[in-house]
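Take a look at the structure below.
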Amino acid sequence: MKIEAHLDGPLFQNAVQTLEEAAKIINCDPNVLERLKRPRRCVTVSVPVRMDDYSVKVFTGYRVQYNATLGPFKGGIRFHQNVDLPEVVGLAALMTFKNSVLGLPLGGAKGGVCVEPGKLSRTEKQNLTRRYTSELSHFIGPTKDIPAPDVGTDPQIMAWMMDTYSQEQGGYSQPGVVTGKPIEIGGSLGRNHATGLGVVYVAEQAFEKKGLPMKGSRIVIQGFGNVGSFAALFAFERGAKIVAVSDVSGAIFNGDGLNIPELIEFVKANKTIKGFPKTVSLTNEELLELDCEALFPCALENQIDTHNADRIKAKIIVEGANGPITNAATKLLSARGVFIVPDVIANGGGVIVSYFEWVQDIMSFFWNEDEVNGRLKTIITKAFDLSFKFHQEKKIDMRNAAMACAIQRLEKAMLLRGLYPR
Ligand code: NAD
């Protein structure tokens with residue numbers, strides 16, 4: 001059967017392959033499996049934007065609502081020049097399985113606009129965000145679908161989305177429509193660093209399972225944005241040696257370990273890691289292949305595939321980014337004994353604290369940062385333990401184990417709701 005173009009992206013095909021493998025392991029109902037292989041709804045919108053020179057540019061935006069069996073749709077919004085429908089479908093599927101394995105009462109979705117955000121002025125970015133939100137206003141809402149930040153979007157963009165949606169609801173403030181907002185308008189303490197902290201919580205588990213100490217270990221991090229920089233900071237605070245990091249400009253290396261708090265200040269001032277003192281420059285390709293105990297890919301998808309998998313020397317890989325390792329590469333690495341914590345668990349910290357933010361907004365009752373961090377640790381550790389048990393019992397890699405846990409929960413819910421009787 002011919003695969004429709006929007007279902008033919010590499011990220012989505014990877015997810016479907018993992019889904020099929022995991023379905024066999026848990027003997028998943030074939031009707032449930034068939035449903036889980038398709039998104040519920042794909043929305044494509046044209047987004048006309050008044051530019052600073054008074055011309056109008058029309059961008060293309062998407063929102064894919066993949067599955068809502070467990071609760072309202074939830075997933076980030078990406079502003080990036082490579083955004084297209086197949087990529088958004090793949091990311092929305094990942095959100096569905098992530099929210100399920102994490103035990104959250106949420107479905108999965110993802111959105112994005114094909115745009116290079118660095119080329120827009122602040123006004124243009126605001127115009128784009130507001131029009132994109134208006135175009136989607138019938139599809140999103142605190143009980144329907146709750147967007148959040150992803151690559152190229154931030155708390156300011158969430159604030160504009162929340163404001164636009166609230167204006168369209170008669171001007172009543174609707175903080176629960178998006179998460180990742182600034183604290184002043186209903187954001188949660190701990191949200192900004194949540195994904196990076198979650199990466200380090202599960203990395204601690206992985207080090208323990210491998211019988212390695214995190215303190216003094218060499219860690220390499222690809223990407224130094226929200227996820228990568230906070231993961232670096234929390235690992236640094238635990239005594240790990242962050243020997244190399246990278247961003248879109250390339251990589252920097254120091255065998256004695258980088259001073260991460262100083263590097264964060266440097267990046268705030270210079271907008272790049274390039275030129276940080278006492279470092280050697282490397283390419284992103286070289287960074288991935290460095291000798292180290294752990295590698296955290298925290299940039300974009302498909303960074304490790306069959307071309308470079310053989311050259312990866314890390315013993316542990318924690319997927320801070322979504323889909324950084326292809327399935328074929330996962331199999332090669334796992335066969336060599338590399339322990340991979342898959343994205344659906346590893347970067348779950350963001351959506352877990354987004355869930356907390358949504359709960360706090362609905363209750364209008366806010367928690368302190370220790371409560372947020374503590375609850376985050378409980379949820380992400382539970383998901384790790386559940387998948388690790390499956391990984392050991394069934395002798396499968398952690399990616400398949402996490403997926404098996406995810407679809408087991410979805411299957412139970414679908415059957416209980418009577419959607420797909422045997
Ligand atoms: P970000 O935009 O803040 O940072 C991305 C970083 O990657 C930047 O340092 C950028 O320079 C770098 N980068 C871009 N292209 C690169 C390349 N080709 N090689 C090396 N580095 C490159 O984005 P983020 O929020 O940190 O997200 C990173 C990844 O984590 C994405 O896959 C995203 O979907 C995933 N993620 C993010 C969150 C979150 O809460 N922010 C939650 C879950 C998953």
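Values in this document were obtained by computation on a predicted structure and should not be read as measured data. Values below: every heavy atom of this structure, side chains too, minus hydrogens, waters and symmetry copies. For this chain, numbers begin at 1 and follow the sequence in order.
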Distance from [X] atom [atom1] to [Y] atom [atom2], nearest 0.5 Å?
X	Y	atom1	atom2	result
Leu36	Met403	CG	CE	9.0 Å
Leu295	Arg218	CG	CZ	12.5 Å
Gln205	Ser387	CD	OG	11.5 Å

Keeping [X] on the side-chain end and [Y] on the backbone end, is there a donor-acceptor pair under 3.5 Å?
X	Y	answer
Arg238	Phe234	yes
Gln392	Phe388	no
Lys241	Ser217	no
Arg50	Ser55	no
Glu357	Lys181	yes
Gln65	Pro39	no
Tyr132	Tyr62	yes
Glu411	Val32	no
Asn308	Asp305	yes
Asn67	Gly108	no

List the steps and the verdict of side-chain contact (heavy atoms from CB on, under 4.5 Å) for Trp367 and Gln360. CA-CA 8 Å; Trp367 313 342; Gln360 292 170 83; 3.7 Å; yes

Kindly check if the number of other-residue, nucleotide or ligand heavy atoms within 6.0 Å of [atom1] ([X]) is above 12?
X	atom1	result
Arg40	CZ	no
Lys37	NZ	yes
Tyr355	OH	no

Could you tell me whether [X] and [Y] have a side-chain N and a carboxylate O separated by less than 4.0 Å?
X	Y	result
Glu21	Lys331	yes
Arg78	Glu301	yes
Asp247	Lys274	no
Glu135	Arg63	no
Glu204	Lys209	no
Lys119	Glu124	no

Which atom pair, heavy atoms only, marks the closest approach of Phe390 to Ala404?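 Of all heavy-atom pairs spanning Phe390 and Ala404, the closest is CE2-CB, 3.8 Å.
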
Step by step, work out the side-chain hydrogen bond (donor to acceptor under 3.5 Å, both in side chains) result for Thr326 and Asn302. CA-CA 6 Å; Thr326 64; Asn302 299 326; 5.9 Å; no

Could you go through the side-chain hydrogen bond (donor to acceptor under 3.5 Å, both in side chains) check for Thr18 and Arg399 one step at a time? CA-CA 8 Å; Thr18 312; Arg399 192 182 307 289; 5.2 Å; no

Are [X] and [Y] close enough that some pair of their side-chain heavy atoms sits under 4.5 Å apart?
X	Y	answer
Val113	Val83	no
Asp8	Gln13	yes
Thr44	Thr60	yes
Ile316	Val318	yes

Applying side-chain contact (heavy atoms from CB on, under 4.5 Å), can you list everything that pairs with Ala240, at least two apart in sequence or on another chain?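 With sequence neighbours excluded, Ala240 shows a side-chain contact (heavy atoms from CB on, under 4.5 Å) to Met214, Ile219, Ala235, Ile242, given in chain and number order.
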
Ser354 vs Thr179, test: side-chain hydrogen bond (donor to acceptor under 3.5 Å, both in side chains). Steps then yes/no. CA-CA 5 Å; Ser354 269; Thr179 57; 2.7 Å; yes

Under the side-chain contact (heavy atoms from CB on, under 4.5 Å) criterion, do Phe73 and Lys144 qualify, and how do the steps go? CA-CA 6 Å; Phe73 297 104; Lys144 293 183 191 168; 5.9 Å; no

Evaluate the side-chain hydrogen bond (donor to acceptor under 3.5 Å, both in side chains) criterion for residues Ser166 and Ser173: first the C-alpha distance (whole Å), next the side-chain angles of each, then the deciding distance (0.1 Å), finally the verdict. CA-CA 5 Å; Ser166 298; Ser173 194; 4.7 Å; no

Can you pull the side-chain hydrogen bond (donor to acceptor under 3.5 Å, both in side chains) pairs that have at least one residue in residues 90-115, sequence neighbours excluded?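 Sorted result for residues 90-115: Lys98-Asn322, Lys98-Asn347, Lys110-Asp150.
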
